Amino acid sequence: MSPLSTVPIPGTRDFFPEEMSVRQQVFERLYRVVESFGYLRYDAPMVEPFELYAAKSGSDLVNQQVYRFTDRGERDLAIRPEMTPSVARMIAARAGQLVLPARWYSHPNLWRYERKQRGRYREHWQVNVDLFGTESWEAEAEILEILAEMMFAVGAKTSDFLLRVSDRQLVVNVLQQQVGLDPQQVAGAFGVLDAIEKVGPEETAAHLAKLGLSQAQADRTIQLLTHGEQFLEQAAPESLQQSNVARALSKLVTSQPVNVKFDPLIIRGFEYYTSSVFEVFDTNPENPRSIAGGGRYDNLVALFGKPRIPGIGFGMGDVTLIDFLQTHKIAPAPQIAPEVQVMTPDESLRQRVKEIAASLRQEGLRVVTPLDSRKLGKLLERAAKEGVRCVVIAGGDELARGAVKLRDLGRSEEREIALTALPVVIRETLATPTQEKP
RNA sequence: GUGAGUGUAGCUCAGCUGGUAGAGCACCGGCCUGUGGAGCCGGUCGUCGCGGGUUCGAACCCCGUCACUCACCCCA
């Protein structure tokens, strides 16, 4: 029999401690931002009825990419490919009891059956932030503000990212009323224009002609959709008045300036988005995938037979976010070393070592002790390699005086410290910058 | 689903038109029985992804296969 594989199944990742540490630090910053806006965390099952997604998630392609199986009770189930249907279900379940607006967030792992490539895995973790119960443009503003603050919280600068926003309804209105397209042509135009950045304007014009657009209509459509700012200028005032995104755009209150751009080419795949849609992009072309995206879905909760509760929200995924941080060299350093190691040169003092370690743990420090006997030099070498900052050396002479040696591996300094003062001195040491030996 | 690239030690890789498998790092030990990172010495480590073929002889050439990576399709 061949040995078991150590490789995770395709498209999934193991998170070794140093990777987990980075992920954890990044996401804890995001949690803090979201919670600072008063959002409450929830969770839901990783497996849902398949029909939850079949109903409204959108294209038949989504269905092809869902992990789907039949359980022993003959239920048709799916591993969640996204969180929004689940949260809509939960909101619907409490529809009569909730104080609205409801501000909720979660951090689920999501699955999609697709081939792995840069920025895309079959399993990824996504922070979802959703706001339910208002159609006000201020909901758009708040959601976009949170999104921007999340980017700032992980160390992004204003110039590092671009927030592209659009409004499906507004774009549809303009194309119908000002270019004279019928609804079918509008739908077709969206599909074709999605690819305009790849195939170029000539081919796009040809596709539009097939949909029955005149030359003038095609030119006008392309011109409008590829010049986002002008799009707003050219939209009828009553259309703009109805567009939450258009109204929110200039009124965002954020701790740093944000690059926001209206861009009608932001479509997004989910069919349930009713008007506002938006995505965050890295301004560095090395990392072309969107870091976060979302939109308004005013009809989703009503699918559960409950009163219509409008919603708006977005997801920010771990894969593209951490790619972004690494591209800009602002990912946090892994923190995997214990703060303190306690050791002794005298085998007979092992028990005292454990007692000292226990008392330091009571002080909230992360403390390890050697589990086997080795020479002090080897123990120090290993501690240094692990990145341990403080080493407590409990020798008989010092202990007789009620003291130990405290060695700061970060600065190669050693002092004798009274046991009673040890926690305080260790904390001071940990707060001091290290000084690398040349 | 389509296309391309890569598979050699735990890791990063070298290995000439085919001639018995290598380096650096890492790991373990010694020099150093109460003090780390350097240095020196020594040690452990491989079905050369797998299967078949050609050959006196294959890590190398040929065929197949699998895995991984990147891109396309599409999308969080």
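Since this is a predicted model, take the numbers as computed values, not measurements. Letters A, B, ... are given to chains in the order of the sequence lines, protein chains preceding strands, and every chain is numbered from 1.
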Numerically ordered, the residues 121-133 of chain A set in heavy-atom contact under 4.0 Å with RNA chain B is Tyr121(A), His124(A), Gln126(A)

Whole-Å distance, Glu398(A) CD to G34(B) C1', equals 8 Å

Let's test your reading of the model: under 3.5 Å, does the base of G36(B) pair with the side chain of Arg407(A) as donor and acceptor? yes

*Please confirm whether the backbone N or O of Glu279(A) pairs with a side-chain atom of Ser290(A), one donor and one acceptor, at under 3.5 Å?*
no

- Message: One thing to verify: whether Arg103(A) and Glu142(A) come together as a salt bridge, which I'm taking to mean a side-chain N less than 4.0 angstrom from a carboxylate O.
- Response: yes

Q: Please confirm whether the backbone N or O of Ala394(A) pairs with a side-chain atom of Arg352(A), one donor and one acceptor, at under 3.5 Å?
A: no

Side-chain contact check for Ala384(A): nearest option of G1(B), G36(B), C73(B) is G36(B)

Checklist entry - How is Arg374(A) classified with respect to the nucleic acid when contacts are heavy atoms under 4.0 Å: base, sugar-phosphate, or nothing? => result sugar-phosphate

To the nearest angstrom, the CD-P distance between Gln117(A) and U6(B) comes to 20 Å

Closest to the side chain of Arg112(A), out of G36(B), C75(B), U35(B), is C75(B)

Could you check whether any side-chain heavy atom of Asp167(A) comes within less than 4.5 Å of a side-chain heavy atom of Asn244(A), counting everything from C-beta outward?
no

A correct dot-bracket answer for RNA chain B, with pairs being Watson-Crick or G-U at under 3.5 Å, [ ] for crossing pairs and | for inter-strand pairs, is (((((((..((((.....[..)))).(((((.......))))).....(((((..]....))))))))))))....

>> Need one value for Asp397(A): base, sugar-phosphate or nothing, where a base atom within 4.0 Å counts as base even if backbone is also close, heavy atoms only.
In response: base

note: Asp323(A), atom CG; C70(B), atom C1'; distance rounded to Å ~ 13 Å

note: Arg411(A), atom CZ; U35(B), atom C1'; distance rounded to Å ~ 19 Å

Using a heavy-atom cut-off of under 4.0 Å over every strand shown, decide if Gly317(A) touches base, sugar-phosphate, or nothing. nothing

Here the distance between atom C1' of C74(B) and atom CZ of Arg115(A), to the nearest Å, is 13 Å

Indicate, yes or no, whether a donor-acceptor pair under 3.5 Å links the base of G34(B) to the side chain of Thr344(A).
no

Between Phe15(A) and Trp125(A), what is the ring plane arrangement, given parallel below 30°, perpendicular above 60°, and tilted in between? perpendicular

- [ ] Step through it carefully: locate the ring centre of Tyr53(A), locate the ring centre of Tyr272(A), and say whether they are under 6.0 Å apart.
- [x] no

Separation of G30(B) atom C1' from Lys378(A) atom NZ, nearest Å, is 8 Å

message = Classify Ile393(A) by what it touches in the nucleic acid, base, sugar-phosphate, or nothing, heavy-atom distance under 4.0 Å.
response = base

Out of G36(B), C70(B), G34(B), minimum distance to the side chain of Leu380(A) belongs to G36(B)

When rounded to whole Å, the CD1 to C1' distance for the pair Ile322(A) and A76(B) reads 15 Å

Trp111(A) CH2 to C75(B) C1', in whole Å, measures 18 Å

Are any side-chain N or O atoms of Ser106(A) and backbone N or O atoms of Tyr42(A), one a donor and one an acceptor, separated by less than 3.5 Å?
-> no

Practice task
Spell out, as yes or no, whether a donor-acceptor pair under 3.5 Å connects the side chain of Glu339(A) to the backbone of Cys390(A).
Solution key: no

On RNA chain B, more 5' by nearest nucleotide between Leu376(A) and Ile9(A) is Leu376(A)

5'-most contact on RNA chain B (nearest-nucleotide basis), Lys385(A) vs Glu381(A), goes to Lys385(A)

